[in-house]
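Since the structure comes first, as structure tokens, the remarks are kept for the end.
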Amino acid sequence: MADWAPIAKEYDPLKAGSIDGTDEEPHDRAIWRAMLARYVPNKGVTGDPHLTLFVARLNLQTTEEKLKEVFSRYGDIRKIRLVRDLVTGFSKGYAFIEYKEERALLKAHRDANRLVIDQHEIFVDFELERTLKGWIPRRLGGGFGGKKESGQLRFGGRDRPFRKPINLPNVKNDFYGEGSSEKRNWSREGTRDWRTRDRDHERSRDKRWPERERSWAWGDSERERDSKEERSRGRERKDRDRKDRDRDRSRDRDTKKQRDDDKHR
């Protein structure tokens, strides 16, 4: 617990998949994929990684000019790289901004996070690809953050820092005599005779037994009475149905007889 920190100092996919960084087994396949990945940072990326910000969740319509307008208020910008699709040329929704001074970098990191640009709340963090040891990107099952709907949350970053583990104290179980010797060494005067206790238990059981028998008998009588009432209601229902059928037959016969009489007239 002494070296615990909410932000990961080194990227470990297994720890990143745990809310408090204490998991010992991966809980989804993406973590397995990240643990098996051998990622090498892009050597074509230039600039000072320690003066570069990572800006994500951008509106796809946001341009480099708009980013320069917003982030230049924190200090002088050396370079802006808005990541685009190689085929379509459309924005992928994230960018890297390199400042000239560390003071400007820290100010932007502190104040620009969750800023709204083009109706989108952005996320700002330091560049991690070249600065965090063991970094694995999101596309390989690593990264930080994520959405709950995906079921692949990653902890240890600014978006979702680790939660402090809960340490439960070791509670001794006195049932097996793990307590102090003072509790285990009873005096003879304070102990009860086992035979006396058994005899009292037998007497109380004998007293409770007739009450249980009465309750069971009462339950049986209640069930019998309910069953009789149900059978009685069934018979009454059948009688009513039979009377209704007889009445309908009698009415049909009278109607037929009336028709026959009308024909003979």
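In this chain, numbering begins with 1 at the start of the sequence shown.
- Ring to ring, Phe96 and Phe54 are close: their centroids are under 6.0 angstrom apart.
- Residues Lys79 and Thr46 come closest through the heavy atom pair NZ-OG1, 3.2 Å.
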Should Arg139 and Tyr39 be marked as a side chain to side chain contact (heavy atoms under 4.5 Å, CB included) after you check the CA-CA gap, both sets of side-chain angles, and the distance that decides it?
CA-CA 11 Å; Arg139 67 177 184 271; Tyr39 179 71; 3.5 Å; yes
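- Shown here for Arg84 and Glu64, the closest heavy-atom pair between the two residues is NH2-OE1, 3.2 Å.
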After noting the C-alpha distance and the side-chain angles of His120 and Thr62, does the key distance pass the side chain to side chain contact (heavy atoms under 4.5 Å, CB included) rule?
CA-CA 10 Å; His120 276 226; Thr62 300; over 6 Å; no
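- Considering all non-hydrogen atoms of both residues, Leu51 and Arg78 come closest at CD1-NH1, 4.5 Å.
- Clustering ILVMFWY residues whenever any of their side-chain heavy atoms sit less than 4.5 angstrom apart, transitively, puts Phe126 in a cluster other than the one holding Phe155.
- Proximity of a side-chain donor or acceptor of Gln152 to a complementary backbone N or O of Gly146 within less than 3.5 Å is not detected.
- Within the 4.5 Å cutoff, the side chain of Thr52 has heavy atoms near those of the Arg130 side chain.
- To the nearest 0.5 Å, atom CG of residue Leu105 and atom CD1 of residue Ile97 are 10.5 Å apart.
- When all heavy atoms of Leu153 and Arg160 are compared, the closest pair comes out as CD2-NE, 3.6 Å.
- Annotation: side chain of Thr131 is in contact with side chain of His50 (closest heavy-atom distance under 4.5 Å).
- Rounding to the nearest 0.5 Å gives a distance of 10.0 Å between CZ of Arg33 and CG of Leu36.
- The closest side-chain heavy-atom distance from Thr63 to Leu82 is not below 4.5 Å.
- One finds a salt bridge joining Arg57 and Asp159 here, because a Lys/Arg side-chain nitrogen approaches an Asp/Glu carboxylate oxygen to under 4.0 Å.
- Here the shortest heavy-atom pairing between Leu53 and Ala108 reads CD1-CB, 3.5 Å.
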Distance-only check: which donor-acceptor pairs under 3.5 Å involve side-chain atoms of residues 18-28, not counting sequence neighbours?
from: Ser18; atom 1: OG; to: Asp20; atom 2: N; distance (Å): 3.4
from: Ser18; atom 1: OG; to: Asp20; atom 2: OD1; distance (Å): 2.9
from: Ser18; atom 1: OG; to: Gly21; atom 2: N; distance (Å): 3.1
from: Ser18; atom 1: OG; to: Thr22; atom 2: N; distance (Å): 3.2
from: Ser18; atom 1: OG; to: Asp23; atom 2: N; distance (Å): 3.4
from: Ser18; atom 1: OG; to: Asp23; atom 2: OD1; distance (Å): 3.1
from: Asp20; atom 1: OD1; to: Thr22; atom 2: N; distance (Å): 3.2
from: Asp20; atom 1: OD1; to: Thr22; atom 2: OG1; distance (Å): 2.5
from: Asp20; atom 1: OD2; to: Thr22; atom 2: OG1; distance (Å): 3.1
from: His27; atom 1: ND1; to: Gly17; atom 2: O; distance (Å): 3.4
from: Asp28; atom 1: OD1; to: Ala30; atom 2: N; distance (Å): 3.0
from: Asp28; atom 1: OD1; to: Ile31; atom 2: N; distance (Å): 2.9
from: Asp28; atom 1: OD1; to: Arg154; atom 2: NH2; distance (Å): 3.4

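- Residues Tyr94 and Trp135 are members of separate hydrophobic clusters, defined by side-chain heavy-atom contacts under 4.5 angstrom among Ile, Leu, Val, Met, Phe, Trp and Tyr.
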Just do the salt bridge (charged side-chain N to carboxylate O under 4.0 Å, His left out) check on Lys243 and Asp246 with the steps written out, would you?
CA-CA 5 Å; Lys243 289 179 181 180; Asp246 293 340; over 6 Å; no
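- Leu128 and Leu106 end up in different hydrophobic clusters when Ile, Leu, Val, Met, Phe, Trp and Tyr side chains are linked at under 4.5 Å.
- Electrostatic pairing of Asp244 and Arg247 counts as a salt bridge here, judged by a charged N lying under 4.0 Å from a carboxylate O.
- Under a 3.5 Å cut-off, the side chain of Asp76 and the backbone N or O of Lys100 do not form any donor-acceptor pair.
- Note on Met35: it does not cluster hydrophobically with Ile136, by side-chain heavy-atom contacts below 4.5 Å among ILVMFWY residues.
- More than 12 heavy atoms of other residues, nucleotides or ligands sit less than 6.0 Å from atom CZ of Arg138.
- No side-chain heavy atom of Ile122 sits under 4.5 Å from any side-chain heavy atom of Arg114.
- The hydrophobic cluster containing Leu58 also contains Tyr74, counting ILVMFWY residues as joined when their side-chain heavy atoms lie under 4.5 angstrom apart, directly or transitively.
- Salt bridge Glu101/Lys107: absent, no basic N to carboxylate O contact under 4.0 Å.
- When side chains are defined from C-beta on, Val55 does not count as touching Ile117, because their heavy atoms never get closer than 4.5 Å.
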Dump the intermediate steps for side chain to side chain contact (heavy atoms under 4.5 Å, CB included) on Val45 and Arg81, then the final yes or no.
CA-CA 10 Å; Val45 178; Arg81 182 168 66 93; 3.9 Å; yes
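- The aromatic rings of Phe144 and Tyr11 stand perpendicular to each other, their planes meeting at an angle above 60°, with 30° marking the opposite boundary.
- Summarising the geometry of Ala5 relative to Phe162, their closest heavy-atom pair is O-CD1, 3.7 Å, with the distance given to 0.1 Å.
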What verdict does the side chain to side chain contact (heavy atoms under 4.5 Å, CB included) test give for Asp118 and Gln61, after you've listed the backbone C-alpha separation in whole Å, the side-chain angles of each residue and the deciding distance to 0.1 Å?
CA-CA 8 Å; Asp118 294 336; Gln61 305 302 321; 5.5 Å; no
